[in-house]
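Since the structure is predicted, the reported quantities are computational estimates derived from the model, not experimental observations. Computation of the quantities below employed the complete heavy-atom set of this structure, encompassing side-chain atoms and omitting hydrogens, waters and symmetry-equivalent molecules.
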2 protein chains.
Amino acid sequence: MAESALKKKENGRGTRATDAEETRFNILEVATAEFADKGLSGARIDEIAERTNSSKRMIYYYFGSKEGLYRAVLERAYTAVREVDADNRRDDLDPDAALRDVVGVTFDYHNQHPEFVRLVMNENILRGAHVGEVPGIRERNRKVIDQLRAILARGVASGHFREGVDPVELHMTISALCFYNVSNRYTFSFGFERDMSSPKALARRRMSVIDVIESWCRA
Amino acid sequence: MAESALKKKENGRGTRATDAEETRFNILEVATAEFADKGLSGARIDEIAERTNSSKRMIYYYFGSKEGLYRAVLERAYTAVREVDADNRRDDLDPDAALRDVVGVTFDYHNQHPEFVRLVMNENILRGAHVGEVPGIRERNRKVIDQLRAILARGVASGHFREGVDPVELHMTISALCFYNVSNRYTFSFGFERDMSSPKALARRRMSVIDVIESWCRA
DNA sequence: ATTTGTGTACGAAATGGTTCGCTCAATGAA
DNA sequence: TTCATTGAGCGAACCATTTCGTACACAAAT
């Protein structure tokens with residue numbers, strides 16, 4: 001991305017190749033926003049092209065089709081998540097703190113990346129038609145679950161956690177709580193006065209989610 | 001279309017008005033399936049018309065526009081939910097059983113009505129653009145929350161439940177767990193061998209969800 | 001000279017929406 | 001009872017626009 005562009009620029013001058021990479025990146029950025037905003041069928045490639053520094057011609061040149069672009073966007077988004085939770089080694093924390101940390105980080109990530117949430121929502125509406133072709137999801141999920149399993153095991157050993165909590169169920173529960181909070185913003189808050197989108201409400205929710213998970217696992 | 005008209009004519013009882021109601025209903029049914037399947041922008045009214053016993057002409061005759069039809073579908077879906085949880089009075093059950101019942105019923109409803117879930121997903125992708133115009137959601141949500149509040153209060157009084165669980169947070173937690181299970185089917189199960197859509201996995205999940213909620217509220 | 005990147009304009013199909021005119025049942029006056 | 005009138009219910013062809021995708025000409029770099 002930007003680094004390699006810089007590198008090229010240092011080497012020579014503003015070259016074609018540099019522009020190309022930049023263009024690709026730019027298109028991907030714009031397309032991500034657009035697909036996250038309107039979904040695959042709702043997004044218009046003419047509109048994407050317009051917001052780009054480039055043109056529709058280039059979209060087809062680089063990505064072949066609307067779906068190709070969509071797939072690239074999806075892949076990029078998933079790659080970004082993977083990079084986030086890849087580094088998190090929580091072996092130094094005690095099980096309880098580690099679990100709370102996992103939940104907190106997950107909650108925050110979802111909140112800070114609604115585009116990702118929306119992309120996933122859309123993918124589910126499409127019945128996961130494209131997600132299968134995105135590599136890396138399997139490993140990512142397995143990694144998270146392995147990590148949870150380890151935390152649970154340590155917790156059981158230390159007497160903090162009870163036995164019988166399935167790591168997959170735990171992962172799903174955490175995901176559900178963090179995801180829903182972002183995904184169903186618009187339909188959920190209807191019906192009570194409390195403003196669910198205020199920072200205050202968000203903090204409260206965050207605490208609740210951590211609390212829910214913790215009390216479920218606690219011995 | 002022609003056949004039903006014929007039939008009516010033969011037995012002599014069919015009136016125009018009856019046909020009209022049937023047509024309206026039929027269109028709504030088909031449109032519900034289609035919108036739930038592809039979303040607002042993904043659905044094609046020509047296709048809806050084709051699956052109907054009627055025609056595109058009639059869709060515009062009765063509903064005015066694609067969005068009009070969509071709104072009618074949404075409204076109908078929400079009405080259906082409201083009717084389900086309207087009758088449930090759980091005053092006779094002890095708090096713990098009542099809570100478990102609420103969760104179980106909610107879980108089952110979502111599972112048995114994926115169209116509803118998908119409609120809501122779509123509405124969230126549209127940032128709730130139409131849901132505001134659907135009356136009855138406010139009351140419905142408030143009712144559910146009131147019920148939860150009552151159960152919680154009884155539980156605290158009887159010593160089964162701890163204090164400090166916010167009914168709104170509880171409602172959201174239950175919703176999230178039940179909703180996600182259906183909404184994110186396609187992207188979630190990627191990454192581990194266990195088949196998340198088997199009846200076995202479903203039952204296990206159901207149990208987990210009830211368990212999560214219960215251990216959160218329990219004193 | 002060949003490969004790679006880019007702008008412009010266009011085409012074909014899809015899509016939301018409309019127009020026109022017909023059918024049929026209900027109504028009420030003769 | 002009869003029969004013309006009225007208006008809701010309906011079908012099919014049609015229209016204007018949108019939308020994805022492409023052809024072509026051309027530029028820059030190797």
**Q.** Nearest-angstrom distance from the residue atom CD of A:Glu50 to P of C:dT6
**A.** 19 Å
Q | Atom-to-atom span, OH of A:Tyr61 to P of D:dC26 - whole angstrom | A | 18 Å
Q | Donor-acceptor pair, side chain of A:Arg206 and main chain of A:Asp108, under 3.5 angstrom | A | no
Q: Figure out the OH/C1' separation between A:Tyr70 and D:dT19, and round it to whole Å.
A: 19 Å
(Q) Tell me the interatomic distance from A:Ile59, atom CD1, to D:dC20, atom P, rounded to whole angstroms. (A) 10 Å
(Q) Between A:Asp146 and A:Arg149 (salt bridge meaning N to carboxylate O under 4.0 Å), is one present in this structure? (A) yes
Q | Listed once per pair and sorted, the salt bridge (charged side-chain N to carboxylate O under 4.0 Å, His left out) pairs that draw on residues 39-51 of chain B, sequence neighbours left out | A | B:Glu34-B:Arg51, B:Lys38-B:Glu47, B:Asp46-B:Lys56, B:Glu47-B:Arg51
Q: Would you please test A:Val212 and A:Val103 for side-chain contact (heavy atoms from CB on, under 4.5 Å) and show each step?
A: CA-CA 10 Å; A:Val212 167; A:Val103 177; over 6 Å; no
**Q.** Atom-pair distance (CG on B:Asn26; C1' on D:dC10), nearest Å
**A.** 14 Å
**Q.** Side-chain donor/acceptor of A:Arg100 to backbone N/O of A:Ile210, under 3.5 Å
**A.** no
Q) If the sugar-phosphate is the primed atoms plus P, OP1 and OP2 and the base is the rest, what is the B/S/- string for nucleotides 7-17 of chain C, using protein heavy atoms under 4.0 Å? A) BB------SBB
Q: May I ask you to test the A:Tyr62-A:Ile27 pair for a side-chain heavy-atom distance under 4.5 Å?
A: yes
